[in-house]
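Single-structure report; data block below.
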Amino acid sequence: MAKVVLGVAVGVAVAACAVAALVVGRRVRTRRKWKRVVGVLKELEESCETTVGRLRQVVDAMAVEMHAGLASEGGSKLKMLLTFVDNLPSGFPILGQYSMIVGVPPVCYFGMVFEFLSCCNLAALSVSCSCILPWSEKGTFYGLDLGGTNFRVLRVELGGQRSSFDRDVAQQAIPPRLMTGRSEDLFDFIASSLQHLVEKGNDSEQSPIIKELGFTFSFPVKQTSVSSGILIKWTKGFAITDMVGKEVAGVLQQTLARKGLNMQVAVLVNNTVGTLALGHYHDADTVAAVIIGTGTNACYWERTDAIIKCQGLLTTSGGMVVNMEWGNFWSSHMPRTSYDIELDAESPNPNDQGFEKMISGMYLGDIVRRVILRMSQESDVFGPVFSSLSVPFALGTPLMAAMHEDDSPELTKVARILKDDLKIPDLPLKARKLVVKVCDVVARRAARLAAAGIVGILKKIGRDGSGCIRVGRTRSDTKMRRTVVAIEGSLYTQYTMFREYLHEALHEILGEDIAQHVILKVTEDGSGTGAALLAASHSSKSVDNVQLL
Ligand code: BGC
C-alpha cells in the first residue's frame, strides 16, 4: 500500500515538475519572442535616427540639388519645373481702396477676409461663404483641383459693385477605379462635377461670356505656358498610362467642349503654386509653399537669372515660381530602413519619389503596417501572421495618426483600430504601447525630414540666416527678414504630433534666433482658391482688381 502511495506521489511530483517545466519553458520562449519584438522597435529607432547633424546634411543636399536642377534639364532628381507664374496676387495694394468705404476702418476688412477663410469647413461636401471686399471690378472664376484622394471644384466671385467675395466649394472622393483607368473617364468625371457647380450657381452654360478656370493639377507637369503643360509622370497611386506625355489643359479643354461648357483654362498650376498664390495674397512675405498631404511637394519664388537652364528667360517681375517636385528628392543622408526599401520595391513607381515615400500621407501608415507585420512574425502576441496586416495599405495614415495620438491610459482607440481595421483582437497593453511607439518613430522621422527640406529652400534663397540681410545701415541693424512659408496638406493641418515634430526640428536646425523669423502659415484650400485667384490675375478679361507684385 505504502509503495502504491509513494508511486502515486512520485508520479504527481513528476507530472507537476513536467507542467512547471512546460510553463517555465513557455514563459522563457514568450519572453525571448517578446525581446525580439522589442528588438524590432530598437532597430527601427536606430535606423530612423535624425540627429540635427544628419538633418543639416539633408538641408545642404536639398540646396545643392536645387542648384543642380536649375542649372540643367535632368541635372538633378529635383525637376525644378518652370511654372510661367511670374506674378503673384497680392492683397496689399488694395488697402488704398479700403478708405472709400465710409465709417469702417480697413482692419475690419482684413478681419473679414480671415473670417472668410476660417469659416470654410472643407470637410463638408459643399460649402458656401462670403465676406465683403472693397473691389470695384467683378469676375467669376472657377477652380478645379485634382491631385490627391479628393477632388474639388470651386467658384470664386471677385469684387463687383457690391464688393463681394463669394465662394462655393464642392468636394468629392475620386473613385479608385478612375485613378488607374482611362484618361477619358477621369476627365469626364471632372467635367461633370464642374458642370454641376455651374448649374447650381445659375451660371447659364449657354452664356456667350466665356468663363475662366484655374486648373490645379498636382502631378509633375512640364509647363509650356502658364495655361498648358505636358504630364511627365503620375504619382500617389494614379496610373493612367494613356495620359503621360499629353497636354493636360488641352485634354480638359476638349472634355469641357464635348460637355458644352463654355469655359477656358486660364491657368494650369500645381497645388503648391495655388497655395503660394493664396499665401502671398494674404501675406506679401510669403516666399515658398509646401504641401504635405497624400503626396508632398514645394514651390518657391526664384530670380529668373538663377534659372540657368533657361537662358534668356525674361519676366517683368524678374522672377518666377519654380515647382520643385521635391517628392522625388533623394540624399544618401536620409535614414532609410528595410521597410522603406520593401515599400519602394512593391510600389508602382520603384526608385521614384523617394522623399515622398518617407514623408507623405500615402505611405506613412503603410510603413507602420510593415513594422507591425515584422513584429508579428517574431511573436504570436499579434495573432496569426496571415491577418490583414499582410494587406498593403491596410493601415491608412489617418488611422496611424489616431493611434499615435491616443492619450487614454488603456490605449482604447489603439485597441479598437487594431481590432476593427487590422483584425488583431485583444492585443495586450504592452504591445499596444509598442504600436504607438512605432507610429511615433515613423511620424517623427517624416516631420523632421520635411523640416530639413523647408530649411533647404530657405538656404537656397538666403533666408536661413547664414547670410543675414541688413535692414539698416549699421551692423546692429543686421536682421533676418520675416519669411513666410505657406503650408497645406492633411498631415500638417490634422496630425498634431507631426506638426509639432516639424516645428521642433525647424527650431533645432535654424536655432531660436533665426527660427523666430520663419513663419509657417496654413493656407486653407490654397491649392483651389489660389488657382482661381491666378486665373483672375491671368484673365484675358483683364481683371485689375487683383493686384500684382
Ligand atoms: C506630386 C506633386 C504634388 C504633391 C502634393 C506629388 O506626388 O508629384 O505635383 O504637388 O504630390 O500633392
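First listed ligand is number 1; within each ligand, the first listed atom is number 1.
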* Electrostatic pair R177:D185 at N-O distance under 4.0 angstrom -> no
* Which is it for T294 and ligand 1 at heavy atoms under 4.0 Å: side chain, backbone, both or neither? -> neither
* Structure fact -> re atom 6 (C) of ligand 1, the protein heavy-atom contact at minimum distance is E356 OE1, 3.1 Å
* **Under 4.0 Å to a heavy atom of G295 - the qualifying atoms of ligand 1, by number** => 5 (C), 11 (O)
* Can M362 be said to touch ligand 1, with heavy atoms closer than 4.0 Å? -> no
* Atoms in ligand 1 with a heavy atom of N297 nearer than 4.0 Å -> 2 (C), 3 (C), 4 (C), 9 (O), 10 (O)
* Start with the C-alpha distance between K357 and S347, add both sets of side-chain angles, then the distance that settles side chain to side chain donor-acceptor pair (under 3.5 Å), and finish with yes or no. => CA-CA 10 Å; K357 284 173 181 160; S347 72; 3.0 Å; yes
* Asked: Under the 3.5 angstrom rule, does the side chain of T523 hit a backbone N or O of L278 as a donor-acceptor pair?
  -> no
* Asked: Hey, does T272 come in under 3.5 Å of ligand 1, counting only N/O atoms on both sides?
  -> no
* To do: List the closest protein heavy-atom neighbour of atom 11 (O) of ligand 1: residue, atom name, distance to the nearest 0.1 Å.
  => K236 NZ, 3.1 Å
* Measure across N349 and D352 and return the closest heavy-atom pair with its distance rounded to 0.1 Å. => O-CB, 3.1 Å
* In this structure, are over 12 heavy atoms from other groups packed under 6.0 Å from K309 atom NZ? -> yes
* Enumerated ligand 1 atoms positioned under 4.0 Å from heavy atoms of F219 -> 9 (O)
* To do: Could you tell me whether the side chain of S360 and the main chain of T294 form a donor-acceptor pair under 3.5 Å?
  => yes
* **For atom 5 (C) of ligand 1, the protein heavy atom that lies nearest, with its residue and separation** => N271 ND2, 3.5 Å
* Taking atom types as modelled, find out whether N271 and N297 have a side-chain donor-acceptor pair closer than 3.5 angstrom. => no
* **Test item: E356 and N328 side chains (from C-beta on) under 4.5 Å apart, heavy atoms** => no
* T235 neighbourhood, listing ligand 1 atoms whose heavy-atom distance to it stays under 4.0 Å -> 1 (C), 6 (C), 7 (O), 8 (O)
* Could you tell me if any non-hydrogen atom of P220 lies under 4.0 Å from any atom of ligand 1? => yes
* Structure fact -> Closest to atom 9 (O) of ligand 1 by heavy-atom distance, out of K233, E488, E325, is E325
* Asked: Distance-only, no hydrogens or angles: does the T51 side chain make a donor-acceptor pair with backbone N or O of R54 under 3.5 Å?
  -> yes
* Asked: Would one find an N or O of N323, backbone or side chain, under 3.5 Å from an N or O of ligand 1?
  -> no
